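As a basis for the values below, the full set of heavy atoms in this structure was taken, side chains included, without hydrogen atoms, waters or symmetry mates. Computed from a prediction, not measured in an experiment: that's the story for all the values here.
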Amino acid sequence: MNPQDRKQQNLTTIYRALLELMMQKPMATISITELCHRAQVSRTYFYRHYQSFDQIIIAYQTQNMLSYLRRLPRISQVELADLMMYYFENTKLEAETYQLLIKNGQLDVLLQTFQTVFQLLIKQDRIGGHSSRLNEPYYLEYFSGAVINITVNWVKRGFVESPRYLGQLVARFTLNQAM
């Protein structure tokens with residue numbers, strides 16, 4: 001196994017162990033020793049790679065979102081409604097994880113991960129049909145906050161609407177804004 005694959009495997013192992021513990025009790029009450037024991041890694045490994053549980057979650061969620069990007073259609077630009085539909089599909093696939101993160105107050109992690117990926121899409125000019133506001137100050141924060149708030153409420157409501165509907169809704173809200 002190459003070093004990159006091993007690193008990804010270790011991240012997945014420690015992340016899954018953290019989720020298992022979060023199913024049993026609040027994240028704030030989980031100890032590093034407990035996590036290391038569950039993941040079968042040493043405390044030295046933990047401290048060499050992470051400073052907090054948040055860093056584990058951010059690293060894994062970023063990898064998850066990058067995987068989401070690889071599933072996007074292989075065209076130069078993806079319409080915002082489709083882009084958001086794929087995001088909501090990905091969220092639904094990771095339903096249990098999102099529920100645990102929301103329950104444990106990890107909204108900042110979801111927001112940070114979304115912003116990282118959205119910035120990458122902007123940089124690569126992959127967002128079709130979106131306005132020139134993408135590079136305006138605070139637009140990233142505004143848009144990301146809106147999407148994460150919709151996501152949290154959708155998860156809490158039990159995924160009532162379809163990912164396609166939510167993708168279209170986000171696009172409609174975003175593209176029909178008055179300046």
Side-chain angles (χ1 to χ4, degrees), residues 8-9 11-24 26-28 30 52-75 77-124 126-131 133-134 138-177:
Q8 184 60 41
Q9 181 182 22
L11 173 60
T12 300
T13 299
I14 201 165
Y15 179 75
R16 293 287 173 210
L18 180 58
L19 289 182
E20 288 171 12
L21 289 168
M22 287 169 60
M23 285 181 213
Q24 298 169 4
M27 189 170 81
I30 299 170
S52 67
F53 295 157
D54 287 356
Q55 284 187 334
I56 295 168
I57 296 168
I58 290 168
Y60 185 85
Q61 287 298 316
T62 299
Q63 289 300 315
N64 183 41
M65 291 299 282
L66 292 173
S67 174
Y68 146 79
L69 288 179
R70 287 190 287 276
R71 290 192 304 268
L72 292 176
R74 300 273 183 226
I75 54 178
Q77 290 194 326
V78 180
E79 292 299 313
L80 183 61
D82 292 333
L83 187 68
M84 295 314 307
M85 177 191 69
Y86 291 118
Y87 167 75
F88 288 113
E89 284 176 350
N90 187 65
T91 300
K92 197 168 185 179
L93 288 173
E94 296 285 326
E96 188 174 36
T97 297
Y98 275 79
Q99 290 164 338
L100 282 171
L101 294 176
I102 292 165
K103 179 181 172 186
N104 283 275
Q106 295 297 304
L107 301 185
D108 285 345
V109 170
L110 297 176
L111 189 61
Q112 182 178 347
T113 304
F114 185 89
Q115 286 179 350
T116 299
V117 173
F118 197 69
Q119 282 177 316
L120 181 61
L121 290 168
I122 291 169
K123 183 177 177 182
Q124 294 174 349
R126 297 276 323 267
I127 305 171
H130 208 286
S131 71
R133 286 180 252 158
L134 287 173
Y138 302 108
Y139 187 79
L140 176 66
E141 292 81 5
Y142 161 78
F143 183 76
S144 301
V147 171
I148 294 303
N149 277 318
I150 289 170
T151 302
V152 167
N153 284 295
W154 184 55
V155 170
K156 286 180 176 180
R157 291 178 184 164
F159 307 98
V160 175
E161 299 87 1
S162 72
R164 176 169 299 286
Y165 172 80
L166 287 178
Q168 292 169 344
L169 186 69
V170 168
R172 190 176 81 234
F173 286 165
T174 305
L175 300 176
N176 290 335
Q177 293 176 10

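Heavy atoms from other residues, nucleotides or ligands lying under 6.0 Å from CD of Q24 number more than 12. More than 12 heavy atoms of other residues, nucleotides or ligands lie within 6.0 Å of CZ in R126, so this atom counts as buried by the packing criterion.
Minimum interatomic distance between E141 and Q115 (heavy atoms only, all atoms of both residues): CA-NE2, 3.8 Å.
Counting only heavy atoms from C-beta outward, the side chains of T12 and Q8 approach each other to under 4.5 Å. Annotation: side chain of L166 is not in contact with side chain of M84 (no heavy-atom distance under 4.5 Å). The shortest distance between side-chain heavy atoms of L18 and M22 falls below 4.5 Å. With a 4.5 Å cut-off on side-chain heavy atoms, Y138 and F143 do not count as touching. Side-chain contact between Q99 and K103: absent, with no pair of heavy atoms (C-beta onward) separated by less than 4.5 Å. Side-chain contact check for L66 versus T116: every heavy-atom pair is 4.5 Å or farther apart.
A distance of 8.0 Å separates CD in Q106 from CG in D108, rounded to the nearest 0.5 Å. Note that the CG atom of L19 and the CD1 atom of I14 stand 11.5 Å from one another [nearest 0.5 Å]. Note: D54 CG to Q112 CD = 8.5 Å, rounded to the nearest 0.5 Å. Taken from CG in L101 to CD in E94, the straight-line distance is 9.5 Å, to the nearest 0.5 Å. Distance CZ/F53 to CG/L21: 8.0 Å, rounded to 0.5 Å.
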Worksheet entry | CA sep, side-chain torsions, deciding dist, call: L110, F114, side-chain contact (heavy atoms from CB on, under 4.5 Å) | CA-CA 6 Å; L110 297 176; F114 185 89; over 6 Å; no

Worksheet item: Passes side-chain contact (heavy atoms from CB on, under 4.5 Å), L100 versus M23? Steps please.
Response: CA-CA 7 Å; L100 282 171; M23 285 181 213; 3.7 Å; yes

Item to complete: Go through the steps to decide whether L83 and V170 satisfy the test side-chain contact (heavy atoms from CB on, under 4.5 Å), and finish with yes or no.
Response: CA-CA 10 Å; L83 187 68; V170 168; over 6 Å; no

Worksheet item: Does the pair M85 and F88 meet the rule for a side-chain contact (heavy atoms from CB on, under 4.5 Å), with working shown?
Response: CA-CA 5 Å; M85 177 191 69; F88 288 113; over 6 Å; no

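For N104 (side chain) and P26 (main-chain N/O), no donor-acceptor pair under 3.5 Å exists by modelled atom type.
In this structure, the side chain to side chain donor-acceptor pair (under 3.5 Å) partners of S67, at least two apart in sequence or on a different chain, are R71. Taking the side chain to side chain donor-acceptor pair (under 3.5 Å) definition, one finds that E20 meets it with R38, sequence neighbours left out. Every residue two or more places apart in sequence or in another chain that forms a side-chain contact (heavy atoms from CB on, under 4.5 Å) with Q119 is listed here: L140.
Ring orientation note: the planes of Y142 and Y139 are tilted relative to one another, at an angle of 30° to 60°.
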Which atom pairs, one a donor and one an acceptor, fall under 3.5 Å between side chains of residues 56-65 and the rest of the protein, sequence neighbours left out?
| from | atom 1 | to | atom 2 | distance (Å) |
| --- | --- | --- | --- | --- |
| Y60 | OH | R16 | NH2 | 2.9 |
| Q61 | NE2 | Y15 | OH | 2.7 |
| T62 | OG1 | I58 | O | 2.7 |

Extract all donor-acceptor atom pairs below 3.5 Å that involve side chains of residues 146-155 and protein atoms in other chains or at least two apart in sequence.
| from | atom 1 | to | atom 2 | distance (Å) |
| --- | --- | --- | --- | --- |
| N149 | ND2 | G145 | O | 3.1 |
| T151 | OG1 | Y87 | OH | 3.3 |
| T151 | OG1 | V147 | O | 2.8 |
| N153 | ND2 | N149 | O | 2.9 |
| W154 | NE1 | E161 | O | 2.9 |

